[in-house]
Amino acid sequence: QQQVKQSPQSLIVQKGGIPIINCAYENTAFDYFPWYQQFPGKGPALLIAIRPDVSEKKEGRFTISFNKSAKQFSLHIMDSQPGDSATYFCAARNPPLGGYNKLIFGAGTRLAVHP
Amino acid sequence: KAGVTQTPRYLIKTRGQQVTLSCSPISGHRSVSWYQQTPGQGLQFLFEYFSETQRNKGNFPGRFSGRQFSNSRSEMNVSTLELGDSALYLCASSLGFVTGESTDTQYFGPGTRLTVL
């Protein structure tokens, strides 16, 4: 119940394409769903995040779609660029009593955007 | 504003030794969380400290411990190192509380790459 399942494991698209990364969860207590981008040798950087009471959120070329009834959410990258080549992690937060910051991460998706 | 800093960036130890990693959070942040990242297990939550108290803990053995100082800086200690402890150890800082629309975003440092031989 604490897992977040992420797919696909890897993804290759051409420049300008729209890669879509999907995540699914079971625990309905999760209250916050961030996406992180990680480049080799760097720590994860927050890309965009959503709460379960919102069905879609856009920030620049990045969009999260959230389906609360299906317990699924996905990341879309519009007009993808070679510089978007990185590993993307979805995550979910379960707010236990007394604390907020236990993030449960998906396994990651390695994205390659070819010129 | 300076980001999260972690020292050292790289560390090589042998089995049985112990190691201490350090994390300095973003100024004003009172929560520090630690994660272990490995190719096999991905990113796994170790523990979170807020105002010098551990308030969240993941499923790691007692060899993994941490502490937080009054200036919010945090250290993580691993005793009796095993080969499987080789990983990237990430520290993340946040304000530590949710108010209004704030979601208490976690900001990660670059990590400490620990290799156990």
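Residue numbers begin at 1 in each chain, while the letters A, B, ... track the order of the sequences.
- Here the straight-line distance linking atom CD of B:Gln44 with atom CZ of A:Phe105 works out to 11.5 Å at 0.5 Å rounding.
- Residue contact with chain A, scored on non-hydrogen atoms closer than 4.5 Å, involves the side chain of B:Leu90 exclusively.
- Residues A:Ile21 and A:Phe30 are members of one and the same hydrophobic cluster, defined by side-chain heavy-atom contacts under 4.5 angstrom among Ile, Leu, Val, Met, Phe, Trp and Tyr.
- When the side chains of ILVMFWY residues are joined at heavy-atom separations under 4.5 Å, either directly or via intervening members, B:Trp34 and B:Val19 end up in a single hydrophobic cluster.
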Solution key, residues 107-115 of chain A side-chain donor-acceptor pairs under 3.5 Å, sequence neighbours excluded:
from     : atom 1 : to     : atom 2 : distance (Å)
A:Thr109 : OG1    : A:Gln6 : NE2    : 3.0
A:Thr109 : OG1    : A:Pro8 : O      : 2.5

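- For a heavy-atom cut-off of 4.5 Å, chain A lies close to no residue in residues 65-86 of chain B.
- Taking both residues in full, the closest heavy atoms of B:Gln106 and A:Tyr36 are given as O-OH, 2.9 Å, listed atom of the first, atom of the second, then distance.
- In this structure, the portions of A:Pro44 lying under 4.5 Å from any heavy atom of chain B include both its backbone and its side chain.
- Qualifying ring pair (Phe, Tyr, Trp, His ring centres under 6.0 Å) partners for A:Phe62, counting only residues two or more places apart in sequence or in other chains: none.
- Annotation for B:Arg15: atom CZ does not count as buried by contact number, only 12 or fewer foreign heavy atoms lying within 6.0 Å.
- Taking both residues in full, the closest heavy atoms of A:Gln38 and B:Leu88 are given as NE2-CD2, 4.1 Å, listed atom of the first, atom of the second, then distance.
- Both B:Leu46 and B:Leu11 are assigned to one and the same hydrophobic cluster, defined by single-linkage of ILVMFWY side chains at heavy-atom distances under 4.5 Å.
- Atom OH of B:Tyr107 sits in a sparse spot, with 12 or fewer heavy atoms from other residues, nucleotides or ligands closer than 6.0 Å.
- Only the side chain of B:Tyr35 comes within less than 4.5 Å of a heavy atom of chain A; its backbone N, CA, C and O stay farther away.
- Once rounded to the nearest 0.5 Å, the distance linking CZ of B:Phe45 with CG of A:Leu103 reads 8.5 Å.
- At a 4.5 Å heavy-atom cutoff, the contact between B:Gln37 and chain A is made by side-chain atoms alone.
- Note on B:Tyr89 and B:Leu43: separate hydrophobic clusters, where clusters join Ile, Leu, Val, Met, Phe, Trp and Tyr whose side-chain heavy atoms are under 4.5 Å apart, directly or indirectly.
- Linking Ile, Leu, Val, Met, Phe, Trp and Tyr residues whenever their side-chain heavy atoms come within less than 4.5 Å places A:Phe66 and A:Leu47 in a single cluster.
- Contact residues of residues 108-117 of chain B toward chain A are B:Phe108, B:Gly109, B:Pro110 (heavy-atom distance under 4.5 Å).
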